[in-house]
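These numbers come from the heavy atoms of this one structure, side chains and all, not from hydrogens, waters or symmetry mates. Counting starts at 1 for both ligands and their atoms, following the listed order.
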Amino acid sequence: MERNIVIAGASSTIAKSIIQKLAHQDVNMYCLSRTDDILNKNKIHFAQTDVLKDELPTAFLPEEIHGTVYMPGTINLKPFKRFRSSDFESDWAVNVGGATRFFQWVLPKMVNNSAALMFSSVAVQTGMPFHASVAMAKGAVEGLTRALAAEYAPRIRFNALALSLTNTQMAERFINSDDKLERSKARHPLNQIGDPEDIAELAAFLLSERSRFITGQVIPVDGGLSNLKI
Ligand SMILES: NC(=O)c1ccc[n+]([C@@H]2O[C@H](COP(=O)([O-])OP(=O)(O)OC[C@H]3O[C@@H](n4cnc5c(N)ncnc54)[C@H](OP(=O)(O)O)[C@@H]3O)[C@@H](O)[C@H]2O)c1
């Protein structure tokens, strides 16, 4: 059976890996992004949209949706005393406000046994300096994941992935020298940082029927950082 999957924030590095993986399956993708670098091509439909502000184009959606992914996020790190309320508001808007708008838009078309996926951070489970704003915003994403998983069970499954530093555009400034990269790897028990390909593998699984007994989970993909001390 062909599946229809809607992805918000499709220009993100991890979203692109997910799209590549799903392209080898029987999946039609409906991709939204502010950035116009996703080509409309076979099995990929693209709408240039700011999921935070624009009217979400209902005509763009297929009649039945089998999977949804909310990808937009931020890493805005600084000492707590230097955060302004505009920082908190903007992190909240991208991570939580956008997710709320997105899921209210797609949920009416999500069919029985469909699956939704969100993205959190290792910094919710594990306290880290300078992470106050992102930890609060992603903490809300984790709460939203569990609340919607409960509200829509057994029809729709909701899960989230809690990532540590992953090699994407967002993380570039933390790994843009050999020294920074090596130090970042060394902080992880598995002595590596995340690879978008690994995240995409798990995302594709959680969007598929193969994960039909998993819902309401926040799954760490963090090289052991959140729960190992070695
Ligand atoms: N990379 C990491 O180390 C890391 C760690 C923990 C969690 N995460 C989470 O993983 C997810 C994917 O991120 P990524 O690493 O693949 O990052 P990325 O390649 O930099 O992509 C960032 C995404 O955020 C969206 N975005 C940023 N600011 C936005 C704004 N003001 N309004 C609307 N959209 C905005 C972008 O949307 P447009 O396409 O519309 O520009 C894009 O989809 C995010 O939720 C992120 O928080 C990443």
Regarding E209 and R3, does a basic nitrogen lie under 4.0 Å from an acidic carboxylate oxygen?
no
For ligand 1, would you mind listing the residues that have at least one heavy atom less than 4.0 Å away, ordered by chain and number?
G9, S11, S12, T13, I14, S33, R34, T35, L52, M71, P72, G73, T74, I75, V94, F119, S120, K138, L163, S164, L165, T166, T168, Q169, M170, A171
With sequence neighbours left out, what residues match [X] under side-chain contact (heavy atoms from CB on, under 4.5 Å)?
X    : value
Q192 : L190
S133 : F83, F88, D91
V141 : N95, V96, M118, K138, T145

Considering only heavy atoms from C-beta outward, does the side chain of L107 approach that of Y152 to under 4.5 Å?
yes
Under a 3.5 Å threshold, yes or no: a donor from one side chain and an acceptor from the other, between E142 and S120?
yes
